[in-house]
Undergrad: 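Attaching a single structure in C-alpha cells format; questions to follow.
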Amino acid sequence: METLRKKKDPFLAAASTLLLGRSLIMEERYEQALPAIESVLEEYPEFSDQISDAIYFKGMCEASMLKNQDAIRSLTQFLENYPFAAERMRVGAWQKLQQLKSLEEGSISDIQQRVAFRAGRIRSRDSA
C-alpha cells in the first residue's frame, strides 16, 4: 500500500491512502488510521470521490480514540454535508453521534467507552 501511496498519480495516492486507513481501522489501529484518513482530506480532496467516506471514518476513528468532541464535529459534518451517502454509514454515524452526545463523564457509558479503548490498545500491543 505504501508503494501506491507514493505514486505521482494523485487519484491512485488518494484511493490507496484511504484504503490503508480503512484496513488499519479493521485492525483497530486507530492512531495509525487517523493520519492516513486526514491526509486524504487535506492533500487529495479534489482527487477522491470518497471524501464523504473519509469524513465518516475520521469521525469513527476519533470516537474510538476518545476524541469525542472532534468525533461529534466530524460526524455532524458528514451527516449535514452528505445526505445521499450510503444509508449504513448515515445510520452508523447518527447512532455514534447520539451515543457521544449522551455521554457524561463518569457515567457507566463513559466508563465502558474508556475500558473498550484500553482493551483495544492492549490487543494492538499484543498482536504487534
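All values derive from a computational prediction rather than experimental measurement.
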Undergrad: Out of curiosity, R22 CZ to D53 CG, how far, rounded to the nearest 0.5 Å?
TA: 6.0 Å
Undergrad: How long is the gap from SG on C61 to CD on E28, to the nearest 0.5 Å?
TA: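 Rounded to the nearest 0.5 Å, the SG-CD separation comes to 11.0 Å.
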Undergrad: If the condition is side-chain contact (heavy atoms from CB on, under 4.5 Å), which residues does A93 pass it with, not counting sequence neighbours?
TA: Y56, L75, F78, L79
Undergrad: Under the 3.5 angstrom rule, does the side chain of R90 hit a backbone N or O of Y82 as a donor-acceptor pair?
TA: yes
Undergrad: Does a sphere of radius 6.0 Å around CD in Q98 hold more than 12 heavy atoms from other residues, nucleotides or ligands, not counting ones at 6.0 Å or beyond?
TA: yes
Undergrad: Looking only at non-hydrogen atoms, find the nearest pair between K58 and S74 and report the distance.
TA: NZ-OG, 3.5 Å
Undergrad: Does the S23 side chain pair with the main chain of L20, one donor and one acceptor, at a distance under 3.5 Å?
TA: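 Yes.
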Undergrad: Nearest 0.5 angstrom please: E31 CD to S64 OG, how far?
TA: 9.5 Å
Undergrad: Provide the full list of ring-ring contact (aromatic ring centres under 6.0 Å, His included) pairs with a residue in residues 84-103, sequence neighbours left out, each pair given once.
TA: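 Checked against ring-ring contact (aromatic ring centres under 6.0 Å, His included) - neighbours excluded - no pair reaches residues 84-103.
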Undergrad: Would you call Y44 and Q50 a side-chain contact if the rule is heavy atoms closer than 4.5 Å?
TA: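 A side-chain contact under 4.5 Å is absent here.
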Undergrad: Do K67 and L34 make a side-chain contact, defined as non-hydrogen atoms from C-beta onward lying under 4.5 Å apart?
TA: yes
Undergrad: With rounding to the nearest 0.5 angstrom, report the CD to OG1 distance, E43 to T17.
TA: 7.5 Å
Undergrad: If I take atom CZ from residue R73 and atom CD from residue E62, how far apart are they, to the nearest 0.5 angstrom?
TA: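 With rounding to 0.5 Å, CZ (R73) is 8.0 Å from CD (E62).
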Undergrad: Show your reasoning for whether side-chain contact (heavy atoms from CB on, under 4.5 Å) applies to I51 and V40.
TA: CA-CA 8 Å; I51 294 302; V40 172; 4.2 Å; yes
Undergrad: Return the minimal non-hydrogen interatomic distance between T76 and I72, and the atom names on each side.
TA: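 What the structure gives for the nearest pair is OG1-O, 2.7 Å.
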Undergrad: Specify the closest pair of heavy atoms between G21 and A33, including all atoms of both residues, with the distance to one decimal.
TA: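 So the minimum-distance heavy-atom pair works out to O-CB, 3.5 Å.
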Undergrad: Can you confirm whether I25 sits close enough to I37 that some side-chain heavy atom of one is under 4.5 Å from a side-chain heavy atom of the other?
TA: yes
Undergrad: Would you name the heavy atoms of F11 and E46 that are closest together and state the gap between them?
TA: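 Minimum heavy-atom contact is CE2-O, 4.3 Å.
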Undergrad: Heavy atoms only: give me the nearest S16-A13 pair and the separation to one decimal.
TA: OG-O, 3.2 Å
Undergrad: Using every non-hydrogen atom in the two residues, find where A71 and A63 come nearest and quote the distance to one decimal.
TA: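 Scanning both residues completely, I find the closest heavy atoms to be CB-N, 3.5 Å.
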Undergrad: Could you state the interatomic distance from CG (D9) to CZ (F47), rounded to the nearest 0.5 Å?
TA: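 Taking CG in D9 and CZ in F47, the distance rounds to 9.0 Å.
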